[in-house]
Amino acid sequence: MKTLPYQPDRSGLAYSVGTTLDRFIKLKQSDFPFASGELSQLLRDIALAAKIVNRETNRAGLANIGGAFGQTNVQGEEQQKLDVIANIRFMRALSKGGEVCAIVSEEEDAVIDLQNSSGKYVVAIDPLDGSSNIDVNISIGTIFSIYRRKSPVGRPIMEEDIMQPGTEQVAAGYVLYGSSTMLVYTTGNGVNGFTYENSLGEFFLSHPGIQAPKRGEIYSINEGLEREWESGVKAYVDLCKDRKYAARYIGSLVADFHRNLLKGGIYIYPATRKNPSGKLRLLYEANALAFIAEQSGGKAIDGNRRIMEIKPNSLHQRTPLLIGSKEMVVEAQSLITNTEKKITEYSH
Ligand code: AHG
Ligand code: MN
Ligand code: MN
């Protein structure tokens, strides 16, 4: 007989690079006192839907399923076929599992009440982010936030279950369908990133304990809209240029955010004259990324308020977003608030 000695992981951690997502979720479950395993199961459901959407994304060009579907979504934007597919996949995964009672989706006008009064969780989701990039083979993503319902289990869902500020998130994450597919998530105890291994059909821990650099040399903003910005945003972007920072803008929030998270940088989608509340949505875009940013040592604001403290008053509410490396966001914030102050002083 040949024997093989047991080889403990040298890192001393039960989870290290190479741990599968399933195993990681299971090991992490003990972080939550009285955890019943439902949140863990919900995360697994999301990961499964992500694998399916990943497959559809990879096939988009081949199967000719990319391109406009000829419909518009609730925001009046052109809805792409893959948006619809991703929405269906995630809806199915979330409704089958039994842990969820309600879903808010970018692609759905109203709250989806799953009529599952025993479901403890509410999910807000952008099933496919950066959808204008599908047809040109550029990275896209999925963004999700998970909340615990406020009303008692066993009762119909209420508005208070849905309209929760980001500080109430119990977990949040994103999937990036890029040159490789990644799932990055937090349950409020740091941020971990998993890379998908296509041939094995598994996500493996590749980025444990992600820490965002305190500052970086990248700024990401749609500069074509410069004339629409308020002067504080312009002042900050000028400062970035004085310092010769690199401008990087993919137009897929998940991809832009992910790059800046790893390399250090700031992403800005400011208020514009046309859209005084910006473009991005609080419930299923800004909050999840804000949670991840903060959990990795970064910061997310709407100009002066912390994103996660904004109390939502409508489902598809938009918010300006400045997010990324902490010191950069703080610097942008002070330029924005100082310039605003000056303008009010002059106008008196
Ligand atoms: P979605 O595809 O879910 O509608 O989101 C698109 C968003 C976001 O991903 C991206 O950062 C932003 O729109 C780009 O907007 P602009 O084209 O106005 O820069
Ligand atoms: Mn989006
Ligand atoms: Mn979308």
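Every heavy atom of this structure was used, including side-chain atoms; hydrogens, water molecules and symmetry mates were not. By convention here, the first residue in the shown sequence is residue 1. First listed ligand is number 1; within each ligand, the first listed atom is number 1. Small disclaimer: the values here were computed from a predicted structure and weren't measured.
- At a 3.5 angstrom cut-off on N or O pairs, Asn222 counts as close to ligand 1.
- For the 3.5 Å distance criterion, the side chains of Ser151 and Asp161 qualify, holding a donor opposite an acceptor.
- Rounding to the nearest 0.5 angstrom, the gap separating the CG atom in Asn287 from the OG1 atom in Thr319 is 8.5 Å.
- For Ser131 and Asp129, the side-chain atoms include no donor-acceptor pair closer than 3.5 Å.
- Under 4.0 Å from ligand 1, the heavy atoms of Asp126 that appear belong solely to its side chain.
- Under a 4.0 Å criterion applied to the non-hydrogen atoms of Glu285, ligand 1 contributes the atoms 3 (O), 5 (O).
- Scanning Phe257, Tyr267, Tyr269 for the heavy atom closest to atom 18 (O) of ligand 1 points to Tyr269.
- Set against the non-hydrogen atoms of Glu106, the atoms of ligand 1 under 4.0 Å away are 1 (P), 3 (O), 4 (O).
- Under the 3.5 Å distance criterion, the side-chain polar atoms of Gln317 are matched with a main-chain donor or acceptor of Ser314.
- At a heavy-atom distance under 4.0 Å, only backbone atoms of Leu128 (N, CA, C or O) approach ligand 1.
- For a distance bound of 2.8 Å, the N, O or S atoms of Asp126 include one lying that close to the Mn ion (ligand 3).
- Closest to the Mn ion (ligand 2) among the N, O or S atoms of Asp129 is OD1.
- The angle subtended at the Mn ion (ligand 3) by O of Leu128 and OE1 of Glu106 is 160°, given to the nearest 10°.
- Looking only at atom types and distance, the side chain of Thr20 has no donor-acceptor partner in the side chain of Glu202 under 3.5 Å away.
- Listed by number with element, the atoms of ligand 1 under 4.0 Å from a non-hydrogen atom of Ser131 are 2 (O).
- Counting only N and O atoms by type, the side chains of Glu327 and Ser325 include no donor and acceptor under 3.5 Å apart.
- Among heteroatoms of the N, O or S kind in Glu285, OE2 lies nearest the Mn ion (ligand 2).
- Of all non-hydrogen atoms in Asp256 and Arg248, the two that sit nearest each other are OD1-O, 3.7 Å.
- The N/O atoms of Leu253, backbone and side chain alike, include one that comes under 3.5 Å of an N/O atom in ligand 1.
- In this structure, Glu159 places its CD atom where only 12 or fewer heavy-atom neighbours from other residues, nucleotides or ligands lie under 6.0 Å away.
- Between the side chain of Asn192 and the backbone N or O of Gly209, at least one donor-acceptor pair lies under 3.5 Å.
- Proximity of Asn133 to ligand 1 is not established, as no heavy-atom distance is less than 4.0 Å.
- For ligand 1, the atoms sitting less than 4.0 Å from at least one non-hydrogen atom of Gly251 are 9 (O), 10 (C), 11 (O), 14 (C), numbered in the order shown with element in parentheses.
- Considering backbone and side-chain N/O of Leu280, none are found under 3.5 Å from N/O of ligand 1.
- With hydrogens and angles ignored, the 3.5 Å screen pairs no side-chain donor or acceptor of Lys299 with any backbone N or O of Met328.
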